[in-house]
Number of protein chains: 2
Amino acid sequence: MGQELPVTSYAVLGLLTFGDELTGYELKQRADRTLRFYWVAPAMSQIYTELARLSDEGLVAPRGEGRRTTYAITDDGRRRLARWLEESPVGFPVLKHPVALRLLIGHLVKPAVTVAMLRSHLRALDEEILALREVRASLEGADAPGQPFRHPSLVADWGLAHFTQERATIEDLIRRLEEE
Amino acid sequence: MGQELPVTSYAVLGLLTFGDELTGYELKQRADRTLRFYWVAPAMSQIYTELARLSDEGLVAPRGEGRRTTYAITDDGRRRLARWLEESPVGFPVLKHPVALRLLIGHLVKPAVTVAMLRSHLRALDEEILALREVRASLEGADAPGQPFRHPSLVADWGLAHFTQERATIEDLIRRLEEE
DNA sequence: TGTAGCATGTAAGCCGTTACATGATTGA
DNA sequence: TCAATCATGTAACGGCTTACATGCTACA
């Protein structure tokens with residue numbers, strides 16, 4: 001016990017710090033709803049792998065027999081997360097942006113192809129913004145300083161600002177490409 | 001020949017569409033300088049793996065014997081890239097943002113810890129902005145519509161806007177956290 | 001009664017990293 | 001002449017995905 005865990009382990013563990021205990025299945029849903037915006041949405045099978053590992057390390061405690069096992073974070077888990085936050089190096093964000101990648105080599109295709117791609121990305125962005133707004137709305141009422149969803153709501157606001165700005169940039173790019 | 005390649009293959013291949021031919025070593029440098037901002041900076045060994053694969057598929061042509069082999073994109077490679085741009089689904093960006101992830105569970109540590117992390121990220125951002133500005137500056141003079149670095153400069157501008165906006169958001173977050 | 005959602009896993013395999021290994025060339 | 005940089009690979013392995021497999025429960 002005690003080796004360095006992959007960041008995704010901490011991410012999953014972090015999802016259990018909001019006062020409830022969840023099944024693997026529910027954890028996957030929470031990850032899809034929130035974590036996916038700034039980390040990843042691990043595959044179902046990956047969630048179970050993480051839960052097994054976290055369990056082995058005593059960072060979560062399974063409860064319930066047979067089908068439908070829920071997991072709660074332990075005191076050790078909470079301490080371990082806090083230590084991770086305090087001591088481990090943070091690292092710079094990694095962005096894998098297929099739209100930017102394709103724009104880079106836009107000289108290989110007709111401008112209309114690039115513009116169509118950007119428009120399609122705009123639609124995808126709108127959907128993401130909508131989904132994130134819903135998440136943000138669901139945190140309202142418990143998002144003041146000191147309340148349980150304070151930090152999640154800060155992150156959600158950040159995400160919304162990010163998407164909104166990207167939306168504006170894409171629109172600007174379309175404009176510039178169409179002028180040519 | 002002709003199976004779907006991983007996106008990173010296309011990314012590496014794309015770096016060879018700017019009129020020059022490079023060694024694996026030089027390709028790595030170019031990736032570190034530019035690709036890393038919106039895709040990844042593949043490890044040296046990965047570059048060589050990609051070059052072997054692209055070579056097998058006839059998308060790049062090696063030139064030069066023994067030590068120091070340069071690679072140029074072939075006509076097939078250019079066609080393949082164009083087809084990829086036109087036909088394959090684009091996919092939404094994936095962001096792995098350790099700062100956002102840690103902010104999410106900020107309730108586990110003293111506010112000062114979170115603020116310190118954000119400040120440190122601010123410094124990292126400044127370095128990235130500086131590096132990207134240099135890249136952008138190096139494209140000047142060939143960045144007008146129709147010129148070879150038109151698209152790379154569009155992407156660089158986008159990246160700068162993105163980092164600048166993130167910088168402002170982080171400063172705002174620090175302000176909000178310090179008010180408490 | 002049957003279909004969608006809940007729930008839990010195993011196996012194979014790809015992508016990519018780190019570590020290791022080797023040697024030539026250039027310039028202080 | 002010695003260190004930094006250029007240059008090219010191989011091996012082991014970790015993280016994560018996709019595909020496969022199984023079965024219960026709620027509800028229309």
Side-chain angles (χ1 to χ4, degrees), chain A residues 3-13 15-16 20-33 35-36 38-57 60 62-72 88-89 91-92 94-96 98 101, chain B residues 3-13 15-16 20-33 35-36 38-57 60 62-72 88-89 91-92 94-96 98 101:
Chain A
Q3 349 256 40
E4 210 35 75
L5 302 173
V7 180
T8 299
S9 296
Y10 292 109
V12 170
L13 188 55
L15 293 179
L16 289 172
D20 44 8
E21 52 188 287
L22 304 179
T23 66
Y25 190 88
E26 291 165 336
L27 217 33
K28 164 69 171 160
Q29 293 180 325
R30 183 169 292 181
D32 283 347
R33 236 175 91 81
L35 203 58
R36 83 147 201 276
Y38 46 84
W39 194 250
V40 276
M44 203 59 256
S45 66
Q46 179 67 9
I47 297 275
Y48 289 115
T49 305
E50 294 301 347
L51 283 173
R53 182 187 349 223
L54 293 169
S55 231
D56 283 352
E57 301 252 343
V60 300
R63 164 145 61 179
E65 65 304 324
R67 102 164 5 30
R68 191 170 166 90
T69 311
T70 59
Y71 294 83
S88 74
F92 201 76
V94 171
L95 179 62
K96 289 191 148 197
L101 176 59
Chain B
Q3 349 256 40
E4 210 37 75
L5 303 172
V7 179
T8 299
S9 296
Y10 292 109
V12 170
L13 187 55
L15 293 179
L16 288 171
D20 44 8
E21 53 188 287
L22 305 179
T23 65
Y25 190 90
E26 291 164 337
L27 217 34
K28 164 68 171 161
Q29 294 180 324
R30 183 169 291 182
D32 283 348
R33 237 174 91 81
L35 204 58
R36 83 149 202 275
Y38 46 85
W39 194 249
V40 277
M44 203 59 256
S45 65
Q46 179 68 7
I47 297 275
Y48 288 115
T49 304
E50 294 301 348
L51 283 173
R53 183 189 344 225
L54 292 169
S55 232
D56 283 352
E57 301 253 344
V60 299
R63 164 143 63 179
E65 64 306 323
R67 137 197 95 296
R68 190 171 166 92
T69 310
T70 59
Y71 294 83
S88 74
F92 201 77
V94 171
L95 179 62
K96 289 191 149 197
L101 176 59

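Keep in mind the model is a prediction, meaning the values are calculated, not measured. Here is how names work: the chains are called A, B, and so on, in the same order as the sequence lines, proteins then strands, and each is numbered from 1.
To the nearest 0.5 Å, atom CD1 of residue I47(B) and atom CG of residue L15(B) are 7.5 Å apart. Of the inter-residue distances, the one linking L95(B) atom CG with R36(A) atom CZ reads 12.5 Å to the nearest 0.5 angstrom.
Here the closest non-hydrogen pair linking Y25(B) and Y48(B) is N-OH, 3.7 Å.
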Given V12(B) and R53(B), is the side-chain contact (heavy atoms from CB on, under 4.5 Å) satisfied, shown in steps?
CA-CA 11 Å; V12(B) 170; R53(B) 183 189 344 225; over 6 Å; no
Worked check of side-chain contact (heavy atoms from CB on, under 4.5 Å) between T70(A) and T23(A)
CA-CA 4 Å; T70(A) 59; T23(A) 66; 3.8 Å; yes
Apply side-chain contact (heavy atoms from CB on, under 4.5 Å) to L13(B) and E57(B), showing your working.
CA-CA 12 Å; L13(B) 187 55; E57(B) 301 253 344; over 6 Å; no
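What separates CH2 of W39(B) from C1' of dT17(C) is a distance of 17 Å, to the nearest Å. At whole-Å resolution of the value, NZ in K96(B) and P in dT17(C) are 11 Å apart. Between the CG atom of L22(A) and the P atom of dA7(C) there is a distance of 10 Å, rounded to whole Å. As a whole-Å value, the separation of E50(A) CD from dT17(D) C1' is 13 Å. Distance D32(A) CG to dC16(D) C1': 15 Å, rounded to the nearest Å. Atom NZ in K28(A) sits about 13 Å away from atom P in dC16(D), given to the nearest Å. Between L54(B) atom CG and dC15(C) atom P the separation is 12 Å, expressed in whole Å. At whole-Å resolution of the value, CD1 in I47(A) and C1' in dT10(C) are 17 Å apart.
Distances from the side chain of A43(B) to the nucleotides dT17(C), dT18(D), dC16(D) place dT17(C) closest.
Shown here are the side-chain hydrogen bond (donor to acceptor under 3.5 Å, both in side chains) partners of R63(A), two or more places apart in sequence or in another chain: E21(A). Residues meeting the side-chain hydrogen bond (donor to acceptor under 3.5 Å, both in side chains) test with Y10(B), sequence neighbours left out: E4(B). Legend: residues meeting side-chain hydrogen bond (donor to acceptor under 3.5 Å, both in side chains) with K96(A), ordered by chain and number and at least two apart, are absent.
Within the 4.0 angstrom heavy-atom criterion, only backbone atoms of the sugar-phosphate kind lie near A41(A); the bases stay farther away.
For the contact set between residues 5-12 of chain B and DNA chain C, defined by any heavy atom under 4.0 Å, the members are P6(B), T8(B).
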Whether each nucleotide of nucleotides 3-11 of chain D has a protein heavy atom under 4.0 Å at its base (B), only at its sugar-phosphate (S) or at neither (-) is summarised, 5' to 3', as --SBBB-B-
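Between its opening and closing five pairs, the helix from dT1(C)-dA28(D) to dA28(C)-dT1(D) changes axis direction by 30°, a value rounded to 10 degrees.
A donor-acceptor pair is defined here as one N or O able to donate and one able to accept, closer than 3.5 Å; no such pair exists between the side chain of K28(A) and the backbone of A43(A).
L35(B) places a side-chain heavy atom less than 4.5 Å from the side chain of L101(A).
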